[in-house]
Amino acid sequence: MGPSAIRYAGLDARIRALGRECRDWGDVRVPVPESIAVDDESARYLPAILETCRRVAELVEEALETDLLPLVLGGDHSVAIGSLAGLARRRGAGGVLWVDAHGDLNDPGSSPTGNVHGMPLAAGLGLAGDRFHVDGWPVPAVHRVALVGVRALDPVEKERVRRQNAKVFTMSDVDRLGIERCVRESLGFLAGSRYLHVSLDMDAVDPDTAPGVGTPVRGGLSYREAHLALELVAESGVLDSLEVVEVNPILDRENETAKLAVELVASALGERIL
Ligand SMILES: [Mn+2]
């Protein structure tokens with residue numbers, strides 16, 4: 001439903017208004033969760049999620065092969081496992097700017113919920129365990145990561161961001177340093193990676209502004225901070241791939257979060273006020 005809501009909010013027209021071509025490759029088939037088995041409570045629906053991610057990875061690869069910029073829409077953040085796999089298959093392990101309220105660095109053993117959307121970055125870094133292994137996918141898919149907007153980390157995640165090749169700008173850092181410095185330093189840290197992927201979880205934005213997300217956390221990015229973050233990405237000229245996720249229209253107010261997702265994609269692709 002997330003991708004439908006984002007399309008309905010006018011994504012295609014907004015991209016074309018920037019003078020860019022836009023090819024909508026349609027939905028990636030996702031099984032209905034109510035109709036399939038949970039499989040294992042520590043990583044709920046994992047086999048079905050990996051099967052969906054396999055298709056996402058193929059499409060991301062195909063986009064890169066044809067010199068298109070992949071834009072993956074979600075839905076559940078676990079789709080990032082597929083985006084990262086596709087990028088790494090084509091380019092090798094690269095750099096990721098992860099804009100999110102959470103770290104998404106859990107594994108099935110550490111996760112308090114068993115929700116795979118709390119594990120995709122761990123999977124990309126090769127920290128989520130063998131159950132995330134898919135034949136033909138490089139491990140790790142991510143070499144370097146910068147997290148921006150974080151305000152809810154589990155104990156294992158705190159440990160992991162300290163040990164990994166990671167730069168972390170929490171909301172407290174955003175308050176103190178300003179979003180511009182946080183994003184510029186993140187992009188500097190990721191510079192020279194084999195690819196630069198931006199994974200934008202809409203829950204990074206404050207829930208007052210982006211209410212339609214599954215796991216809202218107070219104290220997030222303001223409307224303008226979110227825009228500026230993506231304007232800086234566009235300005236850097238190094239964006240290879242983008243993903244906008246966790247839009248949940250059932251929890252939204254009149255599609256506000258999907259509309260904001262469209263605006264933020266436009267900013268990341270170079271839309272300017274003047
Ligand atoms: Mn997330």
Side-chain angles (χ1 to χ4, degrees), residues 2-3 6 11 14-15 18 20 22 56-57 59-60 63-64 68-88 90-91 93-105 117 120-121 123-125 141-150 165-169 174 179-205 210 213 220-221 225-247 257 260-271:
I6 297 171
L11 180 67
R14 194 77 177 244
I15 292 172
L18 294 169
R20 281 182 178 253
C22 180
V56 173
L59 292 169
V60 166
L64 293 171
L68 295 166
L69 188 145
L71 168 56
V72 178
L73 307 177
D76 196 284
H77 209 164
S78 54
V79 74
I81 297 166
S83 310
L84 297 172
L87 284 156
R90 198 69 202 150
R91 303 267 182 92
V96 178
L97 177 60
W98 199 270
V99 185
D100 202 310
H102 311 88
D104 296 352
L105 280 163
H117 68 209
L121 187 51
L125 288 162
V142 178
H143 167 65
R144 260 181 201 190
V145 60
L147 289 118
V148 172
V150 183
N165 202 357
K167 228 180 176 36
V168 186
F169 293 99
V174 172
I179 190 69
E180 178 171 20
R181 186 162 153 207
C182 295
V183 173
R184 278 197 202 282
E185 284 190 15
S186 295
L187 293 170
F189 176 70
L190 299 170
S193 299
R194 295 191 174 179
Y195 63 78
L196 183 91
H197 175 67
V198 174
S199 192
L200 172 63
D201 188 320
M202 289 303 290
D203 72 23
V205 181
V213 298
L221 298 175
E225 282 170 337
H227 265 292
L228 182 53
L230 291 148
E231 286 164 8
L232 290 163
V233 166
E235 230 175 81
S236 72
V238 294
L239 180 67
D240 293 309
S241 166
L242 175 62
E243 153 181 277
V244 184
V245 299
E246 292 291 334
V247 172
T257 307
L260 178 59
V262 169
E263 289 186 22
L264 295 176
V265 167
S267 279
L269 297 179
E271 190 175 284

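Within a 6.0 Å radius of CZ in R194, other residues, nucleotides and ligands contribute 12 heavy atoms or fewer.
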Check against side chain to side chain contact (heavy atoms under 4.5 Å, CB included), L73 and V245: CA-CA 6 Å; L73 307 177; V245 299; over 6 Å; no

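Across L190 and L97, no two heavy atoms sit closer than the pair CD1-N, 3.8 Å. In this structure, W98 and G103 approach most closely via the heavy-atom pair NE1-O, 4.2 Å. Contact detail for A210 and L260: the closest heavy-atom pair is CB-CD2, 4.2 Å.
Evaluation of the side chain to side chain donor-acceptor pair (under 3.5 Å) rule for D201 yields H77 as partners, not counting sequence neighbours. Checked against salt bridge (Lys or Arg N to Asp or Glu O under 4.0 Å), R20 has no partners two or more places apart in sequence or in another chain.
Using a 4.5 Å heavy-atom cutoff, the side chains of L242 and V72 are not in contact. Between L269 and L69 there is a side-chain heavy-atom pair separated by less than 4.5 Å. Counting heavy atoms from C-beta outward, L125 and L105 have side chains that approach closer than 4.5 Å. Annotation: side chain of V198 is not in contact with side chain of S241 (no heavy-atom distance under 4.5 Å). Looking only at side-chain heavy atoms (C-beta outward), L230 and V183 stay at 4.5 Å or farther from each other. Side-chain contact check for K167 versus L147: every heavy-atom pair is 4.5 Å or farther apart.
Under the 4.0 Å criterion applied to side-chain N and carboxylate O atoms, E263 and R14 are not assigned as salt-bridge partners.
For the pair R144 and F189, the cation-pi criterion (under 6.0 Å, within 45° of the ring axis) is fulfilled.
Atoms OG and NE2, on S267 and H227 in that order, are 4.5 Å from each other to the nearest 0.5 Å.
Between D203 and H102, the side chains place a donor N or O and an acceptor N or O closer than 3.5 Å (distance only, hydrogens not considered).
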